[in-house]
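Report on the following structure.
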Amino acid sequence: MGYSRGAAPEPLTEVIGEVSEDLISLGDVRAEYIIFTPVKCNSFIKTVETEGVVFNVKPIIFSQVKKAEEVALFICTAGPEAGERSRRYMKEGDLLRGYVYDVIGSEVVENAADRMQEALRASVAARGMNITNRFSPGYCGWDVAEQHKLFSFFKDNYCGITLTASALMNPIKSVSGFIGIGREVIYAPYNCSMCDDKNCLYRGRKSTRSEGPDTSCTGFRSV
Amino acid sequence: MNQLLEKLSTCVEYGKVDLKSPYPPAMKDQEGAFELTRQALDAGISPGNILEEALIPAMSRVGQKFSRNEIFVPQMLMAAKAMSSSMIHITPYYLSGETKRRGTFIIGTVKGDLHDIGKNLVSMMIEGAGWEIIDLGVDVSTEKFIEAVGNHPGAVIGLSALLTTTMENMRRSVAELREKFPDLKILVGGAPVTAEFCHKIGADHYSPDPQGAVEYLKQLS
Ligand code: B1M
């Protein structure tokens, strides 16, 4: 929310604690990946293809995934309640609690994505493979409309997520994307200069997350 | 400035809602915006003066601090909540026509987009600047925007979008609004929106944050 440790005004810390407990107790969180192989990477047009679907990932992402042999497509959600409770509290006039539901909802889904990514890393490591960072349509020049291609791999309502015509996932607190897998791919420390969003709220801000200061895009990091 | 108004202004700026509210801790057990607004009215201060000298300047300071990253969204929301407890006493004067708003601002998130936190923050700050807000919500069709402008002649309109895909719907809405209401002032904003995009689609102003929106409206009123 922008505060450095210990600088949050009262009653924020207390509300964060209550909301986090509430959202965790709901058990609505879902995170799944499906691995596809083989993968064809075209370095002239910077595309990644699997099962006949061509993702136009653009140069920044392409440079990270070009050596992938397999690709894990994923979707994660914090479930519908984070957004719904946020809206309800805001409407009832408890603006702060409503906002905290929104922010913690984002944290919950990012955490789910982190854990899913770690599970994937461990599982492919057993086969001698590495993973790349995770990348999402809508980041680093990859058109958000390509979510439609990504969702063509998942059954309707997979993990309880649906996609609108404008490529918006419902529930709102959801993320999607892919992770490259291969013997020669690497997990690169994230750096804001990789991203083209000059207006990002988090640009250049040091991460407070456990992975360390190299992962500073905390909104939904494209890593 | 009158001491009562000064105190009221401080309460709004720091989010002290009422006597019961324990926040901010430094103001615990003191009267808040709710009680002080009542007292100001009872002391014969006009609602217009309360707004102009205490409430609007307080929200303006909040907006400026937010723009400078000195405070963050939670403090802005706490101030907005204190402001709304003052408005419980002021609103009847608006309704009777005794006190006038600075204007009417219609706002909505464009078709296909469900993001509302940013739009709500913008609404709160514009309301805090003395404007009437007509909030059309999220996923607002062009027809709904057009209908609202038709129902509120002279209003200014604001469109918010958070995805590049829905920026396309923003473009369409702006084009149709412009065709129907050539003199309408159109403000646009949202994370992926830029001044360049605003110019390209024929909107009048782009603001990256609520304070910029307030300042733009100030120029118009
Ligand atoms: C009328 O006049 C005005 C004037 C000013 C106006 C205005 C109107 N409306 C707003 N403003 C302005 O004033 C407000 C207060 O300062 C501001 O409003 P905001 O709404 O922008 O600000 C909020 C108060 C706080 N800001 C936010 O809550 C958004 C922050 C960022 C980091 C962000 C977050 C947190 C999240 N996200 Co994501 N996310 C990003 C955002 C990037 C950024 N740094 O802004 C954005 C919005 N996301 C993006 C994307 C792509 C995505 N996200 C996704 C997911 C997520 C999370 C779930 C992890 C999380 C929550 C999302 C949510 N909506 O609740 C996905 C979509 C989710 C969905 N449901 O479909 C996904 C599609 C990624 C994916 N494939 O998974 C990008 C959209 C642009 C695009 N390419 O289309 C994005 C801009 C990031 C980027 N750098 O590209 C200003 O914009």
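Every chain is numbered from 1 and lettered A, B, ... according to where its sequence line falls, protein lines coming before strand lines. Nothing here was measured: the structure is a model prediction, and the numbers come from that model.
- In this structure, B:Lys111 NZ and A:Ser166 OG are separated by 8.5 Å, a value rounded to the nearest 0.5 Å.
- Within 6.0 Å of the CD atom in B:Glu70, the count of heavy atoms belonging to other residues, nucleotides or ligands exceeds 12.
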Begin from the C-alpha positions of A:Leu168 and B:Thr166 and carry the test side chain to side chain contact (heavy atoms under 4.5 Å, CB included) through to its verdict.
-> CA-CA 9 Å; A:Leu168 188 81; B:Thr166 57; over 6 Å; no
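- Within a 6.0 Å radius of NE2 in B:His199, other residues, nucleotides and ligands contribute 12 heavy atoms or fewer.
- For the atom pair B:Asp113 CG and A:Ile172 CD1, the distance stands at 7.0 Å (nearest 0.5 Å).
- Applying the 6.0 Å contact sphere to CG of A:Asp156 captures no more than 12 heavy atoms from other residues, nucleotides or ligands.
- A 6.0 Å sphere centred on CD of A:Glu21 holds no more than 12 heavy atoms belonging to other residues, nucleotides or ligands.
- The local environment of CD in B:Glu196 is sparse, with at most 12 non-hydrogen atoms from other residues, nucleotides or ligands closer than 6.0 Å.
- In this structure, the separation between CG on B:Leu77 and CG on A:Leu96 is 6.5 Å, given to the nearest 0.5 Å.
- Here the straight-line distance linking atom CG of B:Leu114 with atom CE of A:Met169 works out to 11.5 Å at 0.5 Å rounding.
- Rounded to the nearest 0.5 Å, atoms OH (A:Tyr99) and CG (B:Leu121) are 7.5 Å apart.
- Remark: of the listed residues A:Leu95, A:Val15, A:Leu12, A:Leu12 is the sole one forming a side-chain contact (heavy atoms from CB on, under 4.5 Å) with B:Pro74.
- When heavy atoms are compared at a cutoff of 4.5 Å, A:Pro11 approaches chain B by way of both its backbone and its side chain.
- Here the closest non-hydrogen pair linking A:Glu14 and B:Tyr23 is OE1-OH, 3.6 Å.
- Proximity to chain B (any heavy atom under 4.5 Å) is shown, for A:Ala165, by neither the backbone nor the side chain.
- For the options B:Thr164, B:Ile71, B:Leu163, B:Leu162, heavy-atom pairs under 4.5 Å to chain A are most numerous at B:Leu163.
- B:Met76 does not touch chain A: none of its heavy atoms, backbone or side chain, sits under 4.5 Å away.
- Top candidate by heavy-atom pairs under 4.5 Å with chain A, chosen from B:Lys81, B:Met78, B:Gln75, is B:Gln75.
- Atom CZ of A:Arg115 has 12 or fewer neighbouring heavy atoms from other residues, nucleotides or ligands inside a 6.0 Å radius.
- To the nearest 0.5 angstrom, B:Asp116 atom CG is 6.5 Å from A:Ser86 atom OG.
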